[in-house]
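Every heavy atom of this structure was used, including side-chain atoms; hydrogens, water molecules and symmetry mates were not. Sequence positions, counted from 1, serve as the residue numbers for this chain. Each ligand, and each atom within it, is numbered from 1 in the order the structure gives. Keep in mind the model is a prediction, meaning the values are calculated, not measured.
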Amino acid sequence: MSRKVLITGVTGQDGAYLARFLLDKGYEVHGMVRHSSSANLERIEGLRGRIELHQADLLDQLSIVTIIRDVRPQEVYNFAAQSFVPTSWSQPLLTGEFTALGVTRVLEAIRLIDPTIRFYQASSSEMFGNVREEPQNEQTPFWPRSPYGVAKVYGHWITVNYRESYDMFACSGIMFNHESPLRGMEFVSRKVTDAAARIKLGLQDKLAMGNLDAIRDWGYAGDYVEAAWLMLQQDKPDDYVVATGIKHSVRDLVEAAFKHAGLDWREHVECDPKFLRPAEVNTLCGDASKARRLLGWEPKTTFDELIHMMVDADLERVRREQAR
Ligand code: NAP
Ligand code: GDP
């Protein structure tokens, strides 16, 4: 019989990649979706009929209990969250409810219904924030710099705590930024690759940006979901950093994307203070040697391959939209 999995946040970037990955592995895939007045299923459009969707919300404990009781999965991946850092300043309480307490709601449902279910928590390099050392590994102290980062620290520690308190198979994947053609439009990578495509095709001329000096360790979402799965296939639950270990600035990202589209970024990019943050995470760079050693995981896609893939996908999509 195939293994059953429940993915919260299945309509998001990572949920869509993991659903495909697990279908290919022969899993029966169930996804949790929240109600909205217009369906938001574009990222999993191609999976229609191959995965089963269930309505529930991270705010609603009973809905999570019900979905886990009905599906009875062997593995749960908790990807659902308010995941955009700037929104966490404008909606800090909602971010705390979704991104922090939401984790406890899923863990509580598992504890009550079947504590043998294996649980993955989508933790974030934003927890390192004002970094204490470089590169960051599983022992590096946290110093989050946004309500999002603070909420993720809670999610990480409650996962560790349920493992220690109840002996649950609960893992926290501390993932550094990972992108793809399915990345949300407001995140810097996708904002830039979409703009490069639109400028190339004559639909826009300028791109307003925030801090070009920020440095991130960017990888490909398709590579990273495999690491999440590997964590739940081990003999023991544990926490792992998932990263490439390579740093690039936002300026490098802009330059790579525009160059691939055949454009000179200096002619189009403007700085707008509206995109600066109340507190910035200046630099992040992960040390994934534990994942490499114990999971046998390593990233396959380079920064340039990732940015080219995203620009090409956005060029194709914008061309299709123009042709309509
Ligand atoms: P994403 O594209 O923003 O997806 C977030 C998902 O959460 C969406 O499916 C969203 O549903 C769902 N969601 C939000 N609030 C919910 C609620 N109250 N109840 C149920 N579902 C809710 O995020 P992602 O990039 O795939 O990231 C996946 C996870 O990894 C997130 O927890 C994120 O914080 C974490 N993470 C991401 C990165 C990265 O670089 N991508 C790095 C580290 C950690 P709707 O479609 O209805 O909005
Ligand atoms: P984050 O690392 O989770 O906050 O991911 P983002 O993709 O939202 O931002 C990565 C970095 O890009 C941050 O340091 C931002 O300050 C910086 N950045 C610079 N300009 C922009 C912009 O216009 N939009 C976004 N989202 N980030 C920007």
Item to check | Residue portion contacting ligand 2 (non-hydrogen atoms closer than 4.0 Å) for Leu212 | outcome: neither

Next on the checklist: How about NZ on Lys259, more than 12 heavy atoms from neighbouring residues, nucleotides or ligands closer than 6.0 Å, or not?
Outcome noted: no

Checklist entry - Just distances here: any N/O of Gly12 and N/O of ligand 1 closer than 3.5 Å? => result yes

Next on the checklist: Less than 6.0 angstrom separating the ring centers of Phe79 and Tyr17, yes or no?
Outcome noted: no

Checklist entry - Do any N/O atoms on Ala81 end up under 3.5 angstrom from N/O atoms on ligand 1? => result yes

Item to check | Student check: side-chain heavy atoms of Pro86 and Arg277 closer than 4.5 Å | outcome: yes

Checklist entry - Looking only at protein heavy atoms, which one is nearest to atom 26 (O) of ligand 1, and how far off is it? => result Asp14 N, 2.8 Å

Checklist entry - Starting from atom 6 (C) of ligand 1, which protein heavy atom do you reach first, and at what distance in Å? => result Gly9 CA, 3.6 Å

Item to check | Side-chain heavy-atom pair Leu306, His178 within 4.5 angstrom cut-off | outcome: no

Next on the checklist: For Arg319, is there an ion pair with Glu316 - N to carboxylate O distance below 4.0 angstrom?
Outcome noted: no

Checklist entry - Does the gap between the ring centers of Phe169 and Phe119 come in under 6.0 Å? => result no

Item to check | Passing candidate, side-chain hydrogen bond (donor to acceptor under 3.5 Å, both in side chains) with Arg3, options Gln74, Glu28, Glu75 | outcome: Glu75

Item to check | Residues, nucleotides or ligands: over 12 heavy atoms within 6.0 Å of Asp167 CG | outcome: no

Item to check | Test of proximity, Gln82 against ligand 1: N or O pairs below 3.5 Å | outcome: no

Checklist entry - Hey, does Met32 come in under 3.5 Å of ligand 1, counting only N/O atoms on both sides? => result no

Checklist entry - Where the side chain of Lys200 meets the backbone of Ala261, is there a donor-acceptor pair that is under 3.5 Å apart? => result yes

Next on the checklist: Tell me the protein heavy atom at minimum distance from atom 30 (O) of ligand 1, and give that distance in Å.
Outcome noted: Ala122 CB, 3.3 Å

Next on the checklist: Among all protein heavy atoms in this structure, tell me which lies nearest to atom 19 (N) of ligand 1, with the distance rounded to 0.1 Å.
Outcome noted: Leu58 N, 3.0 Å

Item to check | ligand 1 N/O within reach of Tyr148 N/O, cut-off under 3.5 Å | outcome: yes

Checklist entry - Is it true that Arg34 and Asp60 make a salt bridge, defined as a side-chain N closer than 4.0 Å to a carboxylate O? => result no

Next on the checklist: Main chain of Ser172, side chain of Asp239: is a donor-acceptor contact present, judged purely on distance under 3.5 Å?
Outcome noted: yes

Next on the checklist: Applying a heavy-atom cut-off of 4.0 Å, say which part of Ser123 lies close to ligand 1: side chain, backbone, both or neither.
Outcome noted: backbone

Checklist entry - Looking at Val85, which atoms of ligand 2 are within less than 4.0 Å of one of its heavy atoms? => result 3 (O), 4 (O)

Checklist entry - atom 21 (N) of ligand 1: which protein heavy atom is closest, and how many Å away? => result Ala80 CB, 3.5 Å

Checklist entry - For atom 42 (C) of ligand 1, what's the nearest protein heavy atom and its distance? => result His178 CE1, 3.3 Å

Checklist entry - For ligand 2, which atoms, with element, lie under 4.0 Å from some heavy atom of Glu280? => result 13 (C), 14 (O), 15 (C), 16 (O)

Checklist entry - Below 3.5 angstrom, do we get any N/O pair linking Phe79 and ligand 1? => result yes

Item to check | Selection from Ile7, Leu41, Thr11, Thr8 by shortest heavy-atom distance to atom 46 (O) of ligand 1 | outcome: Thr11

Checklist entry - Looking only at protein heavy atoms, which one is nearest to atom 17 (C) of ligand 1, and how far off is it? => result Asp57 OD1, 3.6 Å

Next on the checklist: Using a 3.5 Å cut-off on N or O atoms only, is Gln13 in polar contact with ligand 1?
Outcome noted: yes

Next on the checklist: What I want to know is whether Arg183 and ligand 1 share at least one N or O pair that is separated by under 3.5 angstrom.
Outcome noted: yes

Checklist outcome for this item: Atoms of ligand 2 under 4.0 Å from any heavy atom of Ala214, numbered from 1 in the order shown, are 14 (O)

Checklist entry - Do side-chain atoms of Glu226 reach the backbone of Gly222 as a donor and acceptor pair under 3.5 angstrom? => result no

Item to check | Closest to atom 3 (O) of ligand 1 among Ser83, Ala16, Ala39 (heavy-atom distance) | outcome: Ser83

Checklist entry - Which residue from Lys274, Glu179, Arg277, Glu126 reaches closest to atom 25 (C) of ligand 2 through any of its heavy atoms? => result Arg277

Checklist entry - Just by modelled atom types, is the Trp229 backbone N or O under 3.5 Å from a matching donor or acceptor in the Gln233 side chain? => result yes

Next on the checklist: Distance alone, cut at 3.5 Å: any donor-acceptor contact between the side chains of Ser289 and Asp287?
Outcome noted: yes

Checklist entry - Does the distance from a Lys or Arg side-chain N to an Asp or Glu carboxylate O, for Arg292 and Glu298, drop under 4.0 Å? => result yes

Checklist entry - Do any N/O atoms on Glu186 end up under 3.5 angstrom from N/O atoms on ligand 2? => result yes

Checklist entry - Does an N or O anywhere in Val188 fall below 3.5 Å from an N or O of ligand 2? => result yes

Item to check | atom 47 (O) of ligand 1 [closest protein heavy-atom partner, distance rounded to 0.1 Å] | outcome: Arg34 NE, 2.9 Å

Next on the checklist: I'd like to know whether ligand 2 has Tyr148 as a neighbour, heavy-atom separation below 4.0 Å.
Outcome noted: no

Item to check | Gly210 N/O to ligand 2 N/O under 3.5 Å | outcome: yes

Item to check | Arg216 N/O to ligand 2 N/O under 3.5 Å | outcome: yes

